[in-house]
Asks: 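Have a look at the structure that comes next, please.
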Amino acid sequence: MDIPRIFNITESAHRIHNPFTPDKFATLGTALHLEPGARVLDLGSGSGEMLCTWARDHGIFGTGIDMSQLFSEQAKLRAEELGVAHQVKFIHDDAAGYVSDEKVDVAACIGATWIAGGVAGTIELLARSLRSGGIILIGEPYWRQLPSTEDIAKGCLANLISDFLVLPELISSFGALGYDVVEMVLANQDGWDRYEAAKWLTMRRWLDANPDDELANEVRAQLTSEPKRHAAYTREYLGWGVFALMPG
Ligand code: SAH
């Protein structure tokens, strides 16, 4: 079981697989007033940077589930590197339907809400692991500028304009699901560059080392087109943020 191999190639050198930079996760951790010993569940935990740094900086205990074997292994190495391997556990598995045995203080899905069929389904899934008074974290894109055509949405790698909302509407959608938005930290264009532009050097180096790989043509095509696509579309039109929610 794994995610499509192309992501394990293009994001192999990423510590954070979304437009957040380390300072944004630090800001979020501080903003949530995490107590030492707090339990955090993270569905789609990637390479584990959020849980590992919060374990180091705030003394939290975390469990992450991710379907990428590579990212899950990198998360375990990162935990050892930061000296928090006794505080965090990373499970290589499909997070669909995952509910923790013990209720958690924070239940998160940061940039992987397709795991439960979208934002509403993911909130519902996370709520099943949450203690009363706990916080749900959702990382999700929104339109910085509403695209005027469907082609622009496709340029942002969305299927449709309706895949995402503008920020005020995304915020009010949480209210419509019965949640208070109690905090938020938003990414910015520099963060998008760290997520997207960091793939380009990884792709180039991988191509140099793997010219005969079955994915070489696909990676070559992406390396050629992605910098301009990112500059024209994602960087201008897409926002991204993490929203902290409590049931109303
Ligand atoms: N939250 C992480 C990773 C976000 S990228 C971070 O902020 O860095 C999306 C992640 O979802 C990837 O790590 C991918 O491997 C994982 N993923 C995709 N489908 C999944 C599934 N069904 N179950 C668990 N993880 C999944």
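We count residues from 1, following the sequence as given. Indexing begins at 1, ligand by ligand and atom by atom, following the structure's order. Remember, predicted model here, so these are calculated numbers, not experimental data. Values below: all heavy atoms of this structure, side chains included; hydrogens, waters and symmetry mates excluded.
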Asks: For the residue pair Glu169 / Tyr142, report whether a side-chain donor-acceptor contact shorter than 3.5 Å exists.
Replies: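 Their side chains do not contain a donor-acceptor pair, so the 3.5 Å distance test is not met.
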Asks: Please state which part of Ser45 comes within less than 4.0 Å of ligand 1, counting heavy atoms only: side chain, backbone, both or neither.
Replies: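 Within the 4.0 Å criterion, Ser45 contacts ligand 1 through backbone atoms alone.
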Asks: Could you verify whether a donor N or O on one side chain and an acceptor N or O on the other, from Asp66 and Ser72, lie under 3.5 Å apart?
Replies: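 Note: Asp66 and Ser72 side chains miss the donor-acceptor criterion.
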Asks: Considering the heavy atoms of Ala112, write down every atom of ligand 1 situated less than 4.0 Å from one of them.
Replies: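 Every atom of ligand 1 under 4.0 Å from some heavy atom of Ala112: 9 (C), 11 (O).
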Asks: What protein heavy atom sits nearest atom 1 (N) of ligand 1, and how far off is it?
Replies: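 For atom 1 (N) of ligand 1, the nearest protein heavy atom is Gly44 O, 2.7 Å.
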Asks: May I ask you to say whether Asp190 pairs ionically with Lys24, meaning some side-chain N is under 4.0 Å from a carboxylate O?
Replies: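 No.
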Asks: If the cut-off is 4.0 Å to any non-hydrogen atom of Met67, which atoms of ligand 1 fall inside it?
Replies: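 Those qualifying, in numeric order: 20 (C), 21 (C), 22 (N), 23 (N), 24 (C), 25 (N), 26 (C).
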Asks: What part of Phe7, side chain, backbone, both or neither, has a heavy atom within less than 4.0 angstrom of ligand 1?
Replies: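 For Phe7, no heavy atom sits under 4.0 Å from ligand 1.
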Asks: Does the side chain of Met246 come within less than 4.5 Å of Val181's, by heavy atoms?
Replies: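 Val181 does not reach Met246 side chain to side chain.
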Asks: Using a plain distance cutoff, I'd like to know if Trp114 has any nitrogen or oxygen under 3.5 Å from a nitrogen or oxygen of ligand 1.
Replies: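 Yes, there is a polar N/O contact under 3.5 Å.
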Asks: Would you mind listing which atoms of ligand 1 come within a distance below 4.0 Å of any non-hydrogen atom of Asn18?
Replies: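 The list of qualifying atoms is 6 (C), 7 (O), 8 (O).
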Asks: For Ser68, take its heavy atoms, then give the atoms of ligand 1 lying under 4.0 Å from any of them.
Replies: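 Answer for ligand 1: 15 (O).
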Asks: Provide the number and element of each atom of ligand 1 under 4.0 Å from a heavy atom of Asp94.
Replies: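 Contacts of ligand 1 toward Asp94, numbered from 1: 21 (C), 22 (N), 23 (N).
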Asks: Quick one: nearest non-hydrogen protein atom to atom 9 (C) of ligand 1, plus distance?
Replies: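 In this structure, atom 9 (C) of ligand 1 has Gly111 O, 3.5 Å as its nearest protein heavy atom.
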Asks: Nearest 0.5 Å please: distance from the CD atom of Glu49 over to the CD1 atom of Ile110.
Replies: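 Here the interatomic distance stands at 13.5 Å.
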Asks: Work out which heavy atom in Ser12 is nearest to a heavy atom in Gln74; give both atom names and the distance.
Replies: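 Here Ser12 and Gln74 meet closest at O-NE2, 2.9 Å.
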Asks: Please report the closest heavy-atom contact between Pro247 and Gly134, naming both atoms and the distance.
Replies: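 In terms of heavy atoms, the two residues are closest at CD-O, 4.3 Å.
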Asks: Measuring from non-hydrogen atoms of Asp42 to any atom of ligand 1, is the shortest distance under 4.0 Å?
Replies: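 No; Asp42 lies far enough from ligand 1 that no heavy-atom distance drops under 4.0 Å.
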Asks: Answer side chain, backbone, both or neither: which part of Asp66 comes under 4.0 Å from ligand 1, heavy atoms only.
Replies: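 Under 4.0 Å from ligand 1, Asp66 contributes backbone and side-chain atoms.
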Asks: Numbering the atoms of ligand 1 from 1, which are under 4.0 Å from a heavy atom of Ile3?
Replies: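 In order of numbering, the contacting atoms are 14 (C), 15 (O), 18 (C).
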Asks: Roughly how far, to the nearest 0.5 Å, is the OG atom of Ser47 from the NE2 atom of His17?
Replies: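 Going from the NE2 atom of His17 to the OG atom of Ser47 covers 2.5 Å.
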Asks: Give me the residue, atom name and distance of the protein heavy atom closest to atom 5 (S) of ligand 1.
Replies: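 The closest one turns out to be His17 O, 3.4 Å.
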Asks: Does NZ or CZ of Arg144 lie under 6.0 Å from the centre of the six-membered ring of Tyr237, at an angle within 45° of the ring axis?
Replies: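 The answer is no, since Arg144 fails at least one limit relative to Tyr237.
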Asks: Under a 4.0 Å N-O cut-off, is there an ion pair linking Glu226 with Lys199?
Replies: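 Salt bridge flag = no for Lys199 with Glu226.
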Asks: Where on Ala95 is there a heavy atom closer than 4.0 Å to ligand 1, on the side chain, on the backbone, on both, or on neither?
Replies: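 Both the backbone and the side chain of Ala95 come within reach of ligand 1.
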Asks: Measuring centre to centre across the rings, with the benzene-like ring taken for any Trp, is Trp240 within less than 6.0 Å of Phe20?
Replies: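 Yes, the ring of Trp240 comes within the 6.0 Å limit of the ring of Phe20, centre to centre.
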Asks: For Met50 and Asp42, work out which heavy atoms get closest and say how close.
Replies: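 Scanning both residues, the minimum pair turns out to be CE-OD2, 3.5 Å.
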Asks: Taking 4.0 angstrom as the limit and counting only heavy atoms of Asp93, give me the atoms of ligand 1 inside it, by number and element.
Replies: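 Going through ligand 1 atom by atom, the ones under 4.0 Å from Asp93 are 23 (N), 24 (C).
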Asks: Give yes if a backbone or side-chain nitrogen or oxygen of Ser47 is under 3.5 Å from a nitrogen or oxygen of ligand 1, and no if not.
Replies: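 It does not: no N or O of Ser47 is found under 3.5 Å from an N or O of ligand 1.
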Asks: Considering only the protein, which heavy-atom contact is closest to atom 4 (C) of ligand 1, and what is its distance?
Replies: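 The closest heavy atom on the protein side is Ile110 O, 3.4 Å.
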Asks: Taking a cutoff of less than 4.0 Å between a non-hydrogen atom of the residue and any ligand atom, is Tyr98 in contact with ligand 1?
Replies: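 So Tyr98 does not count as touching ligand 1.
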Asks: Give the atom numbers and elements of ligand 1 that come within less than 4.0 Å of a heavy atom of Phe71.
Replies: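 Taking each heavy atom of Phe71 in turn, ligand 1 has 13 (O), 15 (O) under 4.0 Å.
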